[in-house]
Amino acid sequence: MLSRSALRAVSNTRAFSSSASRQTKVAVLGAGGGIGQPLSLLLKLNPQVTSLSLYDIRGAPGVAADVSHVDTNSEVHGYPADQLDQALEGVKVVVIPAGVPRKPGMTRDDLFNTNASIVRDLASAVGRVAPDAHILVISNPVNSTVPIVAATLEKAGVFDPKRVFGVTTLDVVRASRFVGGIAEADPAEVAVPVVGGHSGPTIVPLLSQTPQGKGITGEVYDKLVHRIQFGGDEVVKAKDGAGSATLSMAYAGAKFTGALLRALNGEKGVTVPTFVKSPLYADQGIDFFSSLVELGPNGVEKIHPVGELSAEEQKLLDACLPELKKNIEKGKAFVA
């Protein structure tokens, strides 16, 4: 099991740091969408962001003009569909929320055919224009789109496993919020490691590894795990077909981006769950996995094992792995 300080680091990434040793140019690809717009606003508030490049096939210049009026130091530039290369010039961190959102009745796999092509083409452009950039993938299904990005960069000869991340932070945010509600605790003080992947049964919250969660059992436990795994369905249903979890995802994306920027700028001990190229279950043909990852100046610094699991968590992990393997293989096959 990880130390309490490592677990606390998950929740300590909530606040944006105001003491940046250096600043960074960040691009949002898909800035005109339901996630991209609030994400761009939140990144404008981050003092470690020097410059924001906002790109989309439609609407990005307007979003940039709007966000640029916010009274923080960073510069904001918007780029239309035919200026993707310009949007990526000099960028250190690329965040990709581009794609179509989930609608009622859709699974993340239903999104695959459309979003896979979008993510592949964007990754190809990053590999060509900004091969040293860190790529943060939000576009669903993350279990498949991250392998698509990795395979696309591999084909271009520029894949660095330390610099490609699947953003699973929304699962962590939900777990902290839902456990806090049950335990009557401040969610900011609740650090729940969430491992596996980023869809339904591949999401494995390790409640036994946090003080507020280890006492939750029985029916309450089962309902809590289901809510963490399928929280997105709750939002899609509540929005009555008008959208998915865009605002909470934008918050989670900004939170993970902020954590990475702090680590890139030299802060020590930044440890968060994220879906990366991982050795943990590679012997089972699962070479991407989300677990607690220590971030550093070059991206991935150290990948932590899942630690000691309860019997219930082991069952969840056993159900996760074969599903996750299928998702990863689907992504790789798309680029092959």
Does the side chain of Asn327 come under 3.5 Å of the side chain of Ser144 through a donor N or O and an acceptor N or O? no
Sequence neighbours left out, what passes ring pair (Phe, Tyr, Trp, His ring centres under 6.0 Å) with Tyr281? Give chain and number order. Phe289
With a 4.5 Å cut-off on side-chain heavy atoms, are Pro297 and Leu264 touching? no
Could you give me the CA-CA distance, side-chain angles and deciding distance for Val95 and Leu39, then say whether side chain to side chain contact (heavy atoms under 4.5 Å, CB included) is met? CA-CA 9 Å; Val95 191; Leu39 174 60; 3.7 Å; yes
Distance alone, cut at 3.5 Å: any donor-acceptor contact between the side chains of Ser74 and Ser51? no
Minimum side-chain heavy-atom gap Asp222-Leu224 below 4.5 Å: no
Return the CG to OG1 distance between Asp171 and Thr202, rounded to the nearest 0.5 Å. 8.0 Å
Indicate yes or no for a side-chain donor-acceptor contact from Thr210 to the backbone of Ala191 under 3.5 Å, with no hydrogens or angles considered. yes
Can a side-chain donor-acceptor contact be found between Thr50 and Glu75 if the only test is distance below 3.5 angstrom? no
Do Lys325 and Ile286 come close enough that some side-chain heavy atom pair is under 4.5 Å? yes
Smallest heavy-atom separation, Leu153 atom then Gly127 atom, equals CD2-CA, 3.7 Å
Here the pair of heavy atoms bringing Leu324 nearest to Gly196 is CD2-O, 3.7 Å
Residues, nucleotides or ligands: over 12 heavy atoms within 6.0 Å of Lys162 NZ: no
Before giving the answer on side chain to side chain contact (heavy atoms under 4.5 Å, CB included), spell out for Ile203 and Val194 the whole-Å C-alpha distance, their side-chain angles and the decisive distance to 0.1 Å. CA-CA 7 Å; Ile203 297 169; Val194 182; 3.6 Å; yes
I'd like to know if the side chain of Ser139 and the backbone of Ala98 have a donor-acceptor N/O pair within less than 3.5 Å. yes
Could you state the interatomic distance from CD (Gln229) to SG (Cys320), rounded to the nearest 0.5 Å? 9.0 Å
Hydrophobic cluster identity match, Leu247 and Val235, side-chain contacts under 4.5 Å: no
Between Leu52 and Ser40 the two heavy atoms that sit nearest each other are CD1-O, 3.5 Å
Working to the nearest 0.5 angstrom, can you tell me the gap between Leu42 CG and Lys255 NZ? 12.5 Å
Taking Gln212 for the side chain and Ser176 for the main chain, is one N or O donor matched with an acceptor at less than 3.5 Å? no
With side chains defined as the heavy atoms from C-beta onward, is the minimum distance between Val70 and Leu41 less than 4.5 Å? yes
Test item: Val276 and Ser290 side chains (from C-beta on) under 4.5 Å apart, heavy atoms: no
Decide side chain to side chain contact (heavy atoms under 4.5 Å, CB included) for Val164 and Lys277; before the verdict, give the C-alpha distance in whole Å, the side-chain angles of both, and the deciding distance to 0.1 Å. CA-CA 8 Å; Val164 176; Lys277 180 92 169 176; over 6 Å; no
Answer yes or no: is there a donor N or O on one side and an acceptor on the other, between the side chain of Ser310 and the main chain of Glu313, under 3.5 Å? yes
In chain order, what residues pass the side-chain hydrogen bond (donor to acceptor under 3.5 Å, both in side chains) check against Lys223, with sequence neighbours excluded? Glu219
Test: Glu294 and Lys302 ion pair at under 4.0 Å: no
Passes side chain to side chain contact (heavy atoms under 4.5 Å, CB included), Val195 versus Ser291? Steps please. CA-CA 5 Å; Val195 304; Ser291 66; 4.3 Å; yes
Mind checking side-chain hydrogen bond (donor to acceptor under 3.5 Å, both in side chains) for Lys315 and listing every partner two or more places apart, or none if nothing turns up? none
Nearest heavy-atom contact between Val142 and Ile138 is CG2-O, 3.6 Å
Non-hydrogen atoms of Gln209 and Glu308 that approach each other most closely: NE2-O, 3.0 Å
As a quick check of understanding, evaluate salt bridge (Lys or Arg N to Asp or Glu O under 4.0 Å) for Lys326 and Glu323, giving each step before the final call. CA-CA 5 Å; Lys326 287 192 296 184; Glu323 182 72 18; 3.5 Å; yes
A side-chain contact here means heavy atoms from C-beta on lying under 4.5 Å apart; do Phe256 and Phe165 qualify? yes
Name every donor-acceptor pair, under 3.5 Å, that has one atom in a side chain of residues 114-124 and the other anywhere in the protein, sequence neighbours excluded.
residue, atom, partner, partner atom, Å
Asn115, OD1, Val100, N, 2.8
Asn115, ND2, Val100, O, 3.3
Asn115, ND2, Asn140, O, 2.8

Tell me, please, which residues at least two apart from Glu234 pass side chain to side chain contact (heavy atoms under 4.5 Å, CB included). Arg227
Are the side chains of Ser53 and Val28 in touch, meaning some heavy atoms are under 4.5 Å apart? no
Test item: Lys239 side-chain N/O and Ser244 main-chain N/O as donor-acceptor pair under 3.5 Å: yes
Verify the neighbour count for atom CG of Asp283: are there more than 12 heavy atoms of other residues, nucleotides or ligands below 6.0 Å? yes
Salt-bridge test for Arg163 and Asp132: reply yes if a basic N is under 4.0 Å from a carboxylate O, no otherwise. yes
Side-chain heavy atoms under 4.5 angstrom apart, residues restricted to Ile, Leu, Val, Met, Phe, Trp, Tyr: same cluster for Val146 and Leu280? yes
Quick note, side-chain hydrogen bond (donor to acceptor under 3.5 Å, both in side chains) partners involving residues 54-72, not counting sequence neighbours, are Lys44-Thr72
About how many Å separate OG of Ser248 and CZ of Arg174, when rounded to the nearest 0.5 Å? 5.0 Å
Heavy-atom closest pair, residues Val94 and Ala133: CG2-CB, 3.9 Å
Report the residue from Val167, Val26, Leu136, Val300 that forms a side chain to side chain contact (heavy atoms under 4.5 Å, CB included) with Leu260. Leu136
Asn265 side, atom CG; Leu261 side, atom CG - distance, nearest 0.5 Å: 6.5 Å
Would you give the length of the straight line joining atom NE2 of His226 to atom CD1 of Ile228, rounded to the nearest 0.5 angstrom? 11.5 Å
Thr152 and Lys155, any side-chain heavy atoms less than 4.5 Å apart: no
